[in-house]
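Numbering starts at 1 and runs along the sequence shown.
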Amino acid sequence: MALFRDDTDYTHRQVGFARYKQLMSFYAFNWLRINLLTTAGALPLAAGILYALLASSVVVLLPLSFLGGMVFGPFLAGLVDSIMRGLRDAPNNWWKNYKKSWKQNWRGSLLPGGMLGLFTGLIAFMVYIMSVAQAAPSLGTWVILLVSVAVVIWFNTLYWPQLVLFSQSFINRLRNALLFTIKHSLRVLAAVAIQLVWLALVILLAPWTLVAVPFLGFWFPIFLAQYRIYADLNRDLRIEEQFIPIEGDPWREDSFQEGDGEDAEPDPMNDGTRHWEALMRDIEKNKEGQR
């Protein structure tokens, strides 16, 4: 899916809005497909919360939200992993990387997924109770609700990338998230605000916006948020410094000169590296719907 292809230079990693166009051209169609899988993974959580709301029972809500979140966790991890791979231009086919993410992260994503489902269910229940209450909720109540949602979004924004990138304890990930927020508070606030606005639009314009959820609802706000903080996240956590020796560097200058000719000497250090020519082939395949 080669969005913006005509005016984008594909031979170098771009910066600013040009980098945004470049990423969208390379990976948007793959992320859309993974978003469909993520939506399917979210259905048990949504169904459990809806049933609990119809029953008006917190006793039903708590276990169903937690179990639904555990189901959703590996799907969310796969989506976040795919976005982080795109941001660092990792090699290999999207489906191979997605299966690899499931293999590596499904166990570690069960508990945080369950906690995310639990918080989502509790917030949904609060909104439901406030909407059917005879007395209008106070401004303070709405502020508390908004702050609660913002905290959950903040946690997800900084926790899940660490989960799919590195093997660490929960305490280390939380400490990294806190330190990163202190150091880059404005960028983190912007990333949280992007997702808050997206969520508000989906809720306020429902049910029409629900049609777009399977295609854009998960990957697009997460991508925008991670794109906003990736440069700082990469620098502080040394993401590409650790992954390039393993995965290869698709933007290395000699990768644009080696070509795929029969006379080219194979380089064992480049095994598995997706160079520029391979990137362009991927774009063409995506555009033609062959991948």
Side-chain angles (χ1 to χ4, degrees), residues 32 34-80 105-106 108-160 163 170 191-225:
L32 186 151
I34 294 176
N35 194 91
L36 293 172
L37 297 173
T38 307
T39 303
L43 290 179
L45 175 60
I49 293 175
L50 180 60
Y51 178 78
L53 294 180
L54 293 176
S56 298
S57 173
V58 176
V59 176
V60 174
L61 175 75
L62 296 180
L64 290 183
S65 296
F66 188 80
L67 292 175
M70 291 183 69
V71 174
F72 180 58
F75 287 91
L76 180 59
L79 176 63
V80 173
N105 302 312
W106 75 268
S109 62
L110 293 178
L111 182 57
M115 295 304 297
L116 174 59
L118 185 60
F119 283 119
T120 302
L122 289 173
I123 291 172
F125 196 83
M126 288 176 59
V127 173
Y128 172 74
I129 294 299
M130 292 164 61
S131 64
V132 299
Q134 294 182 352
S138 65
L139 178 60
T141 303
W142 284 110
V143 171
I144 292 174
L145 179 63
L146 181 62
V147 171
S148 300
V149 174
V151 170
V152 173
I153 291 176
W154 164 81
F155 179 81
N156 291 328
T157 301
L158 296 178
Y159 184 84
W160 287 90
L163 186 147
F170 172 82
V192 172
I194 288 171
Q195 296 172 89
L196 272 175
V197 170
W198 180 270
L199 181 62
L201 290 174
V202 171
I203 294 174
L204 293 176
L205 300 179
W208 298 276
T209 50
L210 298 181
V211 178
V213 169
F215 307 100
L216 298 173
F218 294 101
W219 78 264
F220 192 60
I222 293 175
F223 163 67
L224 290 179

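- Taking both residues in full, the closest heavy atoms of Ser148 and Ile144 are given as OG-O, 2.8 Å, listed atom of the first, atom of the second, then distance.
- Rounding to the nearest 0.5 angstrom, the gap separating the CG atom in Leu210 from the CD1 atom in Ile203 is 10.0 Å.
- The aromatic ring centres of Phe215 and Phe220 sit 6.0 Å or more apart.
- Using a 4.5 Å heavy-atom cutoff, the side chains of Val80 and Asn105 are not in contact.
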Show the numbers, then the answer: is there a side-chain contact (heavy atoms from CB on, under 4.5 Å) between Leu196 and Val149? CA-CA 8 Å; Leu196 272 175; Val149 174; 3.7 Å; yes
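- Distance check, rounded to the nearest 0.5 Å: CG of Leu199 to CG of Leu204 gives 9.0 Å.
- Side-chain contact check for Met130 versus Leu145: some heavy-atom pair is nearer than 4.5 Å.
- Between the CG atom in Leu50 and the CG atom in Leu43 there is a gap of 11.5 Å [rounded to 0.5 Å].
- In this structure, the side chains of Leu122 and Leu62 come closer than 4.5 Å at one or more pairs of heavy atoms.
- Heavy atoms from other residues, nucleotides or ligands lying under 6.0 Å from CZ of Phe119 number 12 at most.
- Across Ser109 and Gly73, no two heavy atoms sit closer than the pair OG-C, 3.5 Å.
- Not counting sequence neighbours, Phe125 has no partner by the ring pair (Phe, Tyr, Trp, His ring centres under 6.0 Å) test.
- Put simply, the side chain of Asn156 does not reach to within 4.5 Å of the side chain of Ile222, judged on heavy atoms.
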After noting the C-alpha distance and the side-chain angles of Val60 and Tyr51, does the key distance pass the side-chain contact (heavy atoms from CB on, under 4.5 Å) rule? CA-CA 8 Å; Val60 174; Tyr51 178 78; 3.7 Å; yes
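- Atom CG of Leu224 and atom CH2 of Trp219 lie 7.5 Å apart (nearest 0.5 Å).
- Shortest non-hydrogen contact noted between Gly41 and Val71 is O-CG1, 3.9 Å.
- Atom CG of Leu158 sits about 12.0 Å away from atom CD1 of Ile153, to the nearest 0.5 Å.
- Distance check, rounded to the nearest 0.5 Å: CG of Leu163 to CG of Leu111 gives 10.0 Å.
- Between Gly121 and Ser65, the shortest heavy-atom contact is CA-OG, 3.6 Å.
- Across all their heavy atoms, Pro221 and Leu216 have their closest contact at CD-O, 3.4 Å.
- Across every non-hydrogen atom of Pro214 and Leu36, the tightest pair is O-CD2, 3.2 Å.
- When side chains are defined from C-beta on, Thr39 does not count as touching Phe75, because their heavy atoms never get closer than 4.5 Å.
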